[in-house]
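This report concerns only the one structure given below.
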Amino acid sequence: MLVLLPMKHHFATRPTDEETEFYWLHFYTNSYYIEGDEPRKLTSNIPIPSLHFHNHTYTLQLQKKCKLVDYKEIYKKIDQLLLATTNENEELSFWDIQTSFFSLINLLEYQGMAKDNGYMISQNVAQFIRENYHTPITNMMLVKQFNIHENTIAKYMKRFYKVTALEYLNTYRLEQARILLLKTDDSVQSIAEKCGFSFGSYFSSAFKKAYGISPLHYRKKHMRRTKGAH
């Protein structure tokens, strides 16, 4: 993997010794980047409207040059992304494509870095949850998926995410449901099912506990604000 800086002249120093194929990924951002010897956190100066829910800021760290460890999985994700963006697929929304892209970047970020084994386990578990949150997920399923003891998974998730795997799952499901409440007209029950909640009543209770308001009132509240803004 090579990260080529913009506004520079890039060229080969010699021909390749074997047949070579490669992918180009072009980045565009309205924020900024910094080249450095060591990773450090950046703080965005872009204001975020109080109306919108947002996660904590995160600085993406990509090495300029490294060997891909999970190259098969990375190539698979790139091919999926290319297929989604070059063909008319009405089932894939803009956000579905963005999710695939961030999943790819997440993999690229951890290539070649000396990571604690526990950190990698927690990252893999979290990524599995993000990709399968709409399906039933249990601790035993995670044990079988990663061939790691339940207590070990819990220990590393607690260390790096401050929550257990199922707590992470519940939080992620609620966040996806919150987005669907605002961007679709689907019923609360339908949204609950799409996000992996078996019972609408439990979903409503969990949503109110997390956001301090029921799903239905949350939708009505923000829809009024949107109409008022127009």
Side-chain angles (χ1 to χ4, degrees), residues 1-48 52-86 92-133 146 156-157 159-163 165 168 171-172 175-176 179:
M1 178 179 79
L2 294 174
V3 176
L4 305 179
L5 297 179
M7 311 302 291
K8 304 285 185 180
H9 177 58
H10 306 289
F11 57 93
T13 58
R14 61 182 174 82
T16 58
D17 298 324
E18 58 187 356
E19 184 176 346
T20 304
E21 296 181 352
F22 56 87
Y23 290 101
W24 280 110
L25 292 180
H26 294 270
F27 292 84
Y28 173 81
T29 174
N30 58 2
S31 186
Y32 62 97
Y33 69 91
I34 288 180
E35 179 185 6
D37 296 328
E38 296 292 334
R40 70 184 183 87
K41 186 175 181 180
L42 301 178
T43 302
S44 175
N45 57 6
I46 300 175
I48 301 176
H52 301 112
F53 177 85
H54 61 279
N55 294 321
H56 296 294
T57 57
Y58 176 75
T59 301
L60 177 68
Q61 311 284 354
L62 292 177
Q63 289 188 313
K64 288 180 63 177
K65 177 183 178 181
C66 75
K67 183 176 181 179
L68 299 181
V69 179
D70 305 312
Y71 64 91
K72 290 184 178 179
E73 184 66 20
I74 288 172
Y75 295 163
K76 177 182 176 182
K77 287 187 178 297
I78 292 177
D79 287 333
Q80 290 174 343
L81 193 60
L82 288 174
L83 184 64
T85 55
T86 56
L92 289 177
S93 69
F94 169 80
W95 297 112
D96 292 322
I97 296 173
Q98 290 297 300
T99 300
S100 297
F101 174 72
F102 286 125
S103 178
L104 168 63
I105 294 301
N106 182 259
L107 267 177
L108 291 177
E109 183 176 14
Y110 302 122
Q111 302 301 305
M113 294 185 180
K115 293 291 186 181
D116 176 275
N117 185 53
Y119 182 81
M120 292 305 298
I121 290 174
S122 67
Q123 288 292 307
N124 290 335
V125 171
Q127 183 170 332
F128 177 83
I129 288 174
R130 291 194 298 270
E131 293 178 350
N132 299 278
Y133 70 93
F146 297 101
Y156 290 138
M157 287 296 292
R159 179 191 299 178
F160 296 105
Y161 284 94
K162 312 303 179 186
V163 292
Y168 183 90
T171 299
Y172 192 79
E175 172 57 13
Q176 299 310 304
I179 294 172

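Numbering starts at 1 and runs along the sequence shown. Computation of the quantities below employed the complete heavy-atom set of this structure, encompassing side-chain atoms and omitting hydrogens, waters and symmetry-equivalent molecules.
Counting heavy atoms from C-beta on, the side chains of Phe146 and Val125 come closer than 4.5 Å.
Smallest separation of non-hydrogen atoms from Ser100 and Leu81: CB-CD1, 3.9 Å. Considering all non-hydrogen atoms of both residues, Leu108 and Leu62 come closest at C-CD2, 4.0 Å.
A side chain to side chain donor-acceptor pair (under 3.5 Å) with Gln127 holds for exactly one of Glu131, Gln123, Arg130; it is Glu131.
In this structure, CD on Glu109 lies 6.5 Å from CG on Asn106, to the nearest 0.5 angstrom. The CD atom of Gln98 sits 10.5 Å away from the CD1 atom of Ile105 when rounded to the nearest 0.5 Å.
Contacts of Ile179 classified as side chain to side chain contact (heavy atoms under 4.5 Å, CB included), with partners at least two apart in sequence or in another chain: Glu175, Gln176, Lys183. Partners of Tyr172 according to the ring pair (Phe, Tyr, Trp, His ring centres under 6.0 Å) rule, which considers only residues two or more places apart in sequence or in another chain, are Tyr133. With sequence neighbours left out, Thr171 forms a side chain to side chain contact (heavy atoms under 4.5 Å, CB included) with no residue at all. Evaluation of the side chain to side chain contact (heavy atoms under 4.5 Å, CB included) rule for Lys8 yields Leu5, His10 as partners, not counting sequence neighbours. Contacts of Tyr161 classified as ring pair (Phe, Tyr, Trp, His ring centres under 6.0 Å), with partners at least two apart in sequence or in another chain: Tyr168. Listed by chain and residue number, Tyr75, Ile78, Asp79, Leu82 satisfy the side chain to side chain contact (heavy atoms under 4.5 Å, CB included) test with Tyr23 (two or more places apart in sequence, or in another chain).
Formation of a donor-acceptor pair under 3.5 Å by the Asn124 side chain with backbone atoms of Met120 is found in this model.
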Next item on the list: Check step by step if side-chain contact (heavy atoms from CB on, under 4.5 Å) holds for Trp24 and Leu4.
Entry: CA-CA 10 Å; Trp24 280 110; Leu4 305 179; 3.7 Å; yes
